[in-house]
Amino acid sequence: MRTIMKAYISEIAGFVSRDVEIRGWLYNKRSSGKLYFLLVRDGTGTIQVIADKASVGDEMFARCEELTQESSLIAKGTVREERRAPGGYEMVLSELQIVHLSSDYPLTPKEHGVSFLLDRRHLWLRSSRQHAVLSVRSCVEKACRDFLDSRGFMLIDAPILTPAACEGTTTLFQTDYFGSLAYLSQSGQLYMEAAAMAFGKVYCLGPTFRAERSKTRRHLIEFWMLEPEVAFATLDDVTTLGEELVAFVVRSVLEQRRDALETLGRSLEALEQIEIPFPRVTYGDAVDVLKSKGLDIKWGDDFGAVEEAELSKSYDRPVFVRYFPSECKAFYMKSSPDDPRTTLSVDLLAPEGYGEIIGGGQREDSLEVLEEKVKKAGLPREAFEWYLDLRRYGSVEHSGFGLGLERTVAWICGIEHVREAIPFPRMLHRLGP
RNA sequence: UCCUCAGUAGCUCAAUGGGUAGAGCAUCCGGCUGUUAACCGGAGGGUUGUAGGUUCGAGUCCUACCUGAGGAGCCA
């Protein structure tokens with residue numbers, strides 16, 4: 001018996017007229033009398049496998065009949081180009097082995113509700129849309145890392161268990177740490193500031209946790225952030241960095257995951273417009289614009305979902321809003337030298353109403369001013385002594401930002417809710433599977 | 001935490017003004033030689049989220065609770 005080459009479906013075009021073996025799961029099947037059309041997926045793609053009763057024989061044809069949705073199988077056959085087949089290629093079956101017979105697979109090829117699907121997220125991942133979204137996520141993470149690595153940044157992994165709040169304002173998950181309290185990190189930023197003083201240009205990419213009772217399409221309890229931090233960098237430097245990063249990420253997805261975007265029905269034109277430079281407005285100007293549009297907002301208010309959506313609607317690409325009032329931003333933001341009411345801060349709002357995907361700015365580098373800000377924010381000084389040290393031993397101006405991975409993926413994919421942009425979402429009232 | 005909406009078959013939904021609970025998909029049986037969420041015929045499948053109330057009679061009306069979804073605030 002001759003050996004047959006194993007192939008992945010994504011590479012099937014290179015095997016035309018050859019006999020190959022594919023290993024995967026039955027996505028769906030259709031029959032037409034003496035024919036079976038098996039839609040097989042192997043994680044890299046899907047292909048139609050055709051079984052002709054006359055040529056495969058009664059016994060193998062009966063095995064096709066026996067196959068249920070999501071049964072695992074090994075199929076051997078000849079690859080050919082076929083216009084009538086989805087994807088343009090199909091495999092003419094010559095041998096079929098059922099690895100495991102699935103029964104009563106809960107996700108039928110028809111519609112399901114969100115709650116039902118989320119309860120079965122471990123199975124939902126197998127569907128083509130989820131496959132597409134998560135392949136974009138994988139591409140976004142790689143593009144982020146490639147971009148920063150190519151610019152000489154060092155990856156510094158931030159701790160998850162921390163002794164205190166990074167930004168005392170938001171709620172933290174608490175856990176026991178051998179008799180004392182520890183908290184799950186809500187940002188790696190403070191540690192990145194320390195690392196920037198050691199390595200110059202650094203970033204972290206990892207999960208963060210917010211124990212906020214948020215319940216919107218833009219919120220997760222556990223989400224991932226990319227946080228670059230650069231020594232000797234100003235607000236302008238880091239604005240430009242964010243702009244080039246986002247443009248690079250979008251371009252990478254367009255180049256490498258076009259098929260996924262098409263599966264999702266994403267408008268490619270909207271993404272192709274994402275080119276630098278992105279518009280930059282000041283917080284003050286943004287408030288004036290919003291007022292002129294009739295929104296009820298005054299100087300000093302932070303932007304809500306309505307304000308963000310209204311602002312981003314005016315542009316066909318992401319827009320930077322800078323110089324927010326200090327009351328809207330965290331204690332470590334450096335005040336503007338020419339207007340102490342405002343901070344050297346920057347948010348990036350994604351278009352099409354997807355809201356804030358970047359938040360950052362220039363950090364306070366004066367020991368005295370930072371001590372005062374820690375005090376004013378009502379934070380426990382002891383927990384921040386190490387952070388204050390960074391201003392005692394060779395303090396320099398430095399800046400950075402956090403990019404929300406799921407919001408970025410949701411925007412690029414054009415999906416409604418961030419919960420689909422992460423493999424296993426943790427949300428208010430949902431911890432599992 | 002607040003506001004709005006919804007819980008009926010495994011899933012997605014329907015059921016006039018209160019009068020015997022219905023369809024598609026899935027499952028099982030039968031048919032079809034190029035299907036595209038295939039199609040056609042047949043079968044099984046229900047304590048209508050829970051508890052109470054009104055009524056001759058409640059999926060439908062009332063009260064409370066539970067669960068979920070959408071949104072707000074906060075933020076990425």
Side-chain angles (χ1 to χ4, degrees), chain A residues 27-39 46 48-56 61 65-66 68-70 82-88 90 92 102-120 123 127-129 166-167 169-171 186-189 205-227 242 301-309 324 328-330 346-350 354-360 401-411 416-419 421-422 427-430:
Chain A
Y27 196 63
N28 200 0
K29 71 174 176 183
R30 294 180 275 268
S31 74
S32 184
K34 305 290 183 283
L35 284 176
Y36 257 107
F37 299 95
L38 309 175
L39 211 53
T46 35
Q48 175 168 283
V49 175
I50 177 169
D52 178 345
K53 191 172 188 177
S55 48
V56 301
F61 198 75
E65 197 155 19
E66 201 187 341
T68 50
Q69 195 189 352
E70 288 302 324
E82 171 56 69
R83 261 192 319 188
R84 290 170 293 186
E90 71 180 11
V92 181
S102 163
S103 69
D104 297 323
Y105 186 71
L107 306 187
T108 67
K110 289 281 175 178
E111 284 165 18
H112 298 286
V114 172
S115 172
F116 180 83
L117 289 168
L118 284 172
D119 285 342
R120 291 155 187 82
L123 304 175
S127 75
S128 57
R129 270 184 69 85
C166 288
E167 321 177 11
T169 54
T170 43
T171 334
Q186 50 185 194
S187 167
Q189 184 207 310
L205 174 58
T208 52
F209 309 86
R210 304 273 165 96
E212 294 163 3
R213 303 182 91 77
S214 300
K215 188 172 156 46
T216 80
R217 70 183 66 190
R218 299 179 307 283
H219 287 89
L220 293 168
I221 301 301
E222 176 181 314
F223 67 97
W224 284 56
M225 266 205 295
L226 175 78
E227 295 178 280
D301 293 345
D302 204 355
F303 295 157
V306 180
E307 287 79 19
E308 284 186 1
F324 283 84
C328 298
K329 290 293 172 187
V346 55
D347 280 7
L348 179 65
L349 306 182
Y354 279 90
E356 183 182 349
I357 55 172
I358 278 180
F401 60 82
L403 175 134
L405 189 66
E406 289 77 15
R407 286 188 183 176
T408 304
V409 171
W411 161 55
E416 276 295 301
H417 201 299
V418 289
R419 65 189 163 210
I422 188 168
M427 298 181 295
L428 190 63
H429 304 138
R430 182 176 295 281

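Side-chain atoms are counted along with the backbone in the values below, which use heavy atoms only and exclude waters and symmetry mates. The sequence lines fix the lettering, A, B, ..., with proteins before strands; numbering per chain opens at 1.
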Check your understanding: Taking only residues two or more places apart in sequence or in another chain, which ones pass side-chain contact (heavy atoms from CB on, under 4.5 Å) with Glu356(A)?
Key -> Glu308(A), Asp347(A), Leu349(A), Arg407(A)

Practice item. List for me each residue that meets ring pair (Phe, Tyr, Trp, His ring centres under 6.0 Å) alongside His112(A), sequence neighbours excluded, and say none if there are none. Key: Phe116(A)

Exercise for review: Quick one: closest heavy-atom pair of Ile50(A) and Phe37(A), and the distance?
Suggested key: CD1-CE2, 3.6 Å

Check your understanding: Is RNA chain B part of any stem, that is, at least 3 consecutive Watson-Crick or G-U pairs with both distances under 3.5 Å, and where?
Key -> B:1-7 with B:66-72, B:10-13 with B:22-25, B:27-31 with B:39-43, B:49-53 with B:61-65

Review point. When rounded to the nearest 0.5 angstrom, what is the spacing between NZ in Lys329(A) and CG in Asp302(A)?
Key: 6.0 Å

Exercise for review: Just call it for Leu220(A): base, sugar-phosphate, or nothing, with non-hydrogen atoms closer than 4.0 Å on any strand.
Suggested key: base

Review point. Is the ring of Phe37(A) stacked on the base of G34(B), with centres less than 5.5 Å apart and planes under 30° off?
Key: no

Study note, to complete from the structure: Residues passing the side-chain contact (heavy atoms from CB on, under 4.5 Å) test with Ala350(A), sequence neighbours excluded, are Tyr354(A), Ile357(A), Trp411(A)

Between the protein and nucleotides 24-33 of chain B, list every N/O to N/O distance that falls short of 3.5 Å.
residue	atom	partner	partner atom	Å
C32(B)	N3	Gly33(A)	N	3.1
C32(B)	N4	Ser31(A)	OG	3.3
U33(B)	O4'	Ser32(A)	O	3.4

Check your understanding: Is there a donor N/O on one and an acceptor N/O on the other, under 3.5 Å, for the side chain of His219(A) and the base of C75(B)?
Key -> yes

Pairs under 3.5 angstrom, nitrogen or oxygen only, protein versus nucleotides 69-72 of chain B, please.
residue	atom	partner	partner atom	Å
G70(B)	OP1	Arg419(A)	NH1	2.6
G70(B)	OP1	Arg419(A)	NH2	2.7
G70(B)	OP2	Arg419(A)	NH1	3.4
G71(B)	OP1	Arg217(A)	NE	2.0
G71(B)	OP1	Arg217(A)	NH2	2.1
G71(B)	OP2	Arg217(A)	N	3.3
G71(B)	N7	Lys215(A)	O	3.2

**Study point:** Backbone N/O of Gly33(A) and side chain of Lys53(A): donor-acceptor pair under 3.5 Å
**Key:** no

Exercise for review: Have a look at Phe223(A) and say if it touches a base, only the backbone sugar-phosphate, or nothing, with a 4.0 Å heavy-atom cut-off.
Suggested key: base

Practice item. Could you say whether Arg120(A) or Pro86(A) is positioned toward the 5' end of RNA chain B, judged by the nucleotide with the nearest heavy atom to each? Key: Arg120(A)

